[in-house]
Amino acid sequence: MADRPATPRTTALVRSGKSRLTRQLVGRQLTSGDDVWQVLVDATHRAVLVHDAAGVVQVVSASATELFPGLVPGAQLAEVPDFNAKGSEPFEVERTGVLWRWHSEQLDAEHMAWHGEIADDDAEPWCENCAWSRFLANASRLLTGSLDRDRTLRAIVQLAVPMLADCCAVLLPAPRGRLEWWRFTRGGDTARGRIGHYALESLVDLPEAFSAPEARLTRTELAPGPRPDWLLPVEFGAVGGLVVAPMRHGEHAVGALVLANGKRRGPVDPNRFDEMRDYAIRAATALSQVAAYTAQAEAAAILESDLIPGPLPEVPGTLLAAAYRPAKEAVRVGGDFYEVYPGDDGSALFMLGDVAGNGVEAAALAGRIEHSVAALRLVESRPAALLYLLNQTILGNSANRFATLVVGSLSRHDDGKLELVLASGGHPPPVVLRADGTVQEVVMPGTLVGVLPEPRFSEATVLLAPGDVCLLYSDGVTEARGGQDGQELFGPQRLGEAMAGGAGMSAAELTGHIERRLERWLGGREHDDIAMLAVQAS
């Protein structure tokens with residue numbers, strides 16, 4: 001059963017006639033994990049619990065658990081301290097300084113309910129409106145507790161039964177001129193489907209309620225013609241009363257809520273129209289929140305997909321591999337980025353950078369840098385010259401953010417060697433792993449990109465023989481904190497040792513090898529954005 005919020009200590013419960021809750025539970029299958037039952041028992045004026053034939057607690061109200069902390073779903077009733085439940089005999093016990101009287105009632109062959117009430121006849125009378133207020137408050141908590149649309153709709157129709165009516169249905173606009181419907185009926189299951197707009201003619205006042213300018217509850221009746229099976233299944237029997245309520249959130253119409261009673265229960269209680277209208281408004285609010293979240297999530301997913309590094313292209317005579325791990329894995333994007341732009345002649349331009357900070361804001365600038373480089377490379381392919389152009393672009397649009405960056409061009413010699421021309425803008429130096437296991441740093445002084453109007457960038461040329469690898473990486477690699485105290489940096493030396501240990505590996509195997517070393521070093525601790533790009537002569 002879902003966790004329940006704390007409730008004020010119940011000290012004003014009194015005896016009354018047979019509990020409404022008992023009547024509501026008779027003939028229903030009890031499910032310990034069903035939040036609908038929890039709303040019902042928390043709303044009743046008595047402390048209530050239901051156990052099965054084996055004495056295992058199935059459903060318990062918040063007030064009963066408050067009196068006896070051991071009364072929780074799954075507990076053996078006989079093992080709860082001070083709860084003297086022997087057979088079905090009534091008993092009295094003092095709790096919280098008040099004498100409580102408990103009596104039992106057999107619901108069916110498998111379930112028994114216990115009701116507790118204050119034994120003081122002079123206690124303050126029970127307020128029915130308070131029970132309804134608790135029901136609506138709990139309903140709001142449950143309706144807004146999920147951002148999943150189907151789960152919210154299922155909760156809307158289930159929570160209303162049987163507290164508000166014997167049957168609850170929701171009609172919503174659907175694509176292609178159709179309507180979506182959800183229904184829950186006492187003694188039945190949740191049903192759903194889609195139907196044409198002719199369903200609006202099923203009830204006399206339904207068309208007006210579906211587009212009404214205000215949330216006003218209306219007593220209605222079935223229209224002449226076939227009985228609407230989207231609302232009333234065959235087993236529901238004769239109808240005792242029907243009301244319909246517009247579901248509105250602010251100025252927006254969300255749909256319509258229909259409540260139906262069977263003939264035995266009779267007309268829907270007009271004294272509870274305000275509560276029913278309130279419930280329809282809360283249901284509409286919950287659905288609107290889900291719709292807003294869904295729209296935002298879809299927009300974020302589209303933007304995020306453009307920021308997440310895609311698959312690397314194929315470049316003749318070259319093996320490429322990359323690794324990417326944002327600091328905030330739930331966000332999936334960060335300030336580290338890399339990209340490879342292949343040319344038509346077998347050459348390529350590649351880069352790896354790091355925007356100050358992490359998360360969505362850093363990822364946004366990283367995306368702008370990638371788009372800028374994609375455009376600038378059409379007019380400038382020299383790495384250092386490209387960095388100068390990019391610096392001016394970031395100065396005008398970065399909102400006080402800057403980046404470090406390595407840009408490289410790649411061309412292939414006739415003997416199979418790759419020539420890399422690298423330029424750095426304040427970025428950690430690339431590392432070259434030769435086929436014989438030798439590790440070399442490629443040091444290139446350079447200022448940060450997007451800070452100074454007159455920066456200085458330098459270039460270096462590296463030749464890669466077949467099997468040699470050049471690794472570009474972000475400072476999230478060397479500044480990863482781990483060790484015994486969790487504060488020691490991974491550092492350039494450990495990176496070099498990890499590189500040397502990967503001699504003879506392919507580019508993909510090497511980046512995977514370094515990733516595993518980093519995982520062991522971090523030991524599950526938080527880390528900055530991590531990115532690696534390996535270029536290998538094949």
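Between Y338 and Y324, the ring planes lie perpendicular to each other; the angle is over 60°, past the 30° to 60° tilted range. Aromatic ring orientation, W102 versus F91: parallel (interplanar angle below 30°, classes split at 30° and 60°).
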Set out, in order, the CA-CA distance, both residues' side-chain angles and the distance that settles side-chain contact (heavy atoms from CB on, under 4.5 Å) for H103 and E117, then state yes or no. CA-CA 9 Å; H103 66 274; E117 57 190 354; 4.1 Å; yes

Would F337 and D529 satisfy side-chain contact (heavy atoms from CB on, under 4.5 Å), going step by step from the backbone distance to the final call? CA-CA 9 Å; F337 58 95; D529 296 329; over 6 Å; no

List the steps, then state whether side-chain contact (heavy atoms from CB on, under 4.5 Å) holds for D528 with D475. CA-CA 8 Å; D528 197 1; D475 61 9; 3.9 Å; yes

Does the side-chain contact (heavy atoms from CB on, under 4.5 Å) test come out yes or no for I156 and L287, once each step is laid out? CA-CA 9 Å; I156 289 172; L287 279 178; 3.8 Å; yes

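Tested against L171 for a side chain to side chain contact (heavy atoms under 4.5 Å, CB included), the candidates V244, L206, L231, V258 yield a single pass: L206. Exactly one residue among V290, T190, L143, V170 makes a side chain to side chain contact (heavy atoms under 4.5 Å, CB included) with L153. That residue is V170.
A pairwise comparison of heavy atoms in L71 and V80 identifies CD2-CG2, 3.8 Å as the closest pair. The two residues G262 and F236 make their nearest non-hydrogen contact at N-CZ, 3.5 Å. The two atoms that bring P267 and R219 nearest to each other are CB-NH1, 4.0 Å, heavy atoms only. What you find for A169 and W230 is that their closest heavy atoms are CB-CZ3, 4.0 Å. Between I369 and A403 the shortest heavy-atom distance is CD1-CB, 3.8 Å. In plain terms, the two heavy atoms of P207 and E201 that are nearest each other are CG-OE2, 4.2 Å.
Side-chain contact check for T144 and Q289: no donor-acceptor pair (N or O, by modelled atom type) lies under 3.5 Å. Between the side chains of D336 and S474, at least one donor N or O lies within less than 3.5 Å of an accepting N or O.
Considering CG of L200 and CG of D205, their distance stands at 12.0 Å, rounded to 0.5 Å. For the atom pair OG1 of T294 and CG of L147, the computed distance is 7.5 Å after rounding to the nearest 0.5 Å. E339 CD to H371 NE2: the interatomic distance, rounded to the nearest 0.5 Å, is 9.0 Å. The distance from the CE atom of M112 to the CD atom of Q58 is 13.5 Å, given to the nearest 0.5 Å. With rounding to the nearest 0.5 angstrom, the CZ atom of R282 is 12.0 Å from the CG atom of L159. To the nearest 0.5 angstrom, M532 atom CE is 8.5 Å from R325 atom CZ.
No side-chain heavy atom of T185 sits less than 4.5 Å from a side-chain heavy atom of V161. Counting only heavy atoms from C-beta outward, the side chains of F402 and V355 never approach each other to under 4.5 Å. The closest side-chain heavy-atom distance from L49 to F68 is not below 4.5 Å. Contact of the Q76 side chain with the V56 side chain is registered, since non-hydrogen atoms from C-beta on lie closer than 4.5 Å. No side-chain heavy atom of F184 sits under 4.5 Å from any side-chain heavy atom of C168. With contacts defined as side-chain heavy-atom distances shorter than 4.5 Å, the pair V254/R248 does not qualify. In this structure, H115 and E105 have side chains that are in contact, with non-hydrogen atoms separated by less than 4.5 Å. In this structure the side chain of L136 reaches within 4.5 angstrom of the side chain of E275, judged on heavy atoms.
Centroid-to-centroid, the aromatic rings of H111 and H51 stay 6.0 Å apart or farther.
Every pair passing salt bridge (charged side-chain N to carboxylate O under 4.0 Å, His left out) that includes a residue from residues 155-167 is listed here, sequence neighbours excluded: D166-R186, D166-R265.
Distance alone, capped at 3.5 Å, places no donor-acceptor pair between the N261 side chain and the A165 backbone. In this structure, Q106 contributes its side chain and D108 its backbone to a donor-acceptor pair below 3.5 Å. Side chain of Y279 to main chain of L164: no donor-acceptor pair is present (N/O by atom type, distance under 3.5 Å, no hydrogens or angles). Judged by distance alone, with hydrogens and angles left aside, the side-chain atoms of S146 form a donor-acceptor pair with the main-chain N or O of D148 at under 3.5 Å. Using modelled atom types, one side-chain atom of S61 and one backbone atom of V48 make a donor-acceptor pair closer than 3.5 Å.
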Result block: side-chain N/O donor-acceptor pairs under 3.5 angstrom for residues 174-182, not counting sequence neighbours:
unit_1 : atom_1 : unit_2 : atom_2 : d
R178   : NH2    : R194   : O      : 3.3
E180   : OE1    : R149   : NH1    : 3.1
E180   : OE1    : R149   : NH2    : 2.7
E180   : OE2    : R149   : NH1    : 3.1
E180   : OE2    : W182   : NE1    : 2.9

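Counting heavy-atom neighbours within 6.0 Å of R151 CZ, excluding the residue itself, gives a total of 12 or less.
The side-chain contact (heavy atoms from CB on, under 4.5 Å) search around L222 returns L203, P228, L232, V239, L242, not counting sequence neighbours.
Salt-bridge annotation for E519 and R516: absent, with no side-chain N of the basic residue lying under 4.0 Å from a carboxylate O of the acidic one. Between E515 and R520, none of the side-chain N atoms (NZ, or NE/NH1/NH2) sits under 4.0 Å from a carboxylate O, so this pair counts as no salt bridge. D150 and R154 are not joined by a salt bridge, as no carboxylate oxygen comes within less than 4.0 angstrom of a charged side-chain nitrogen.
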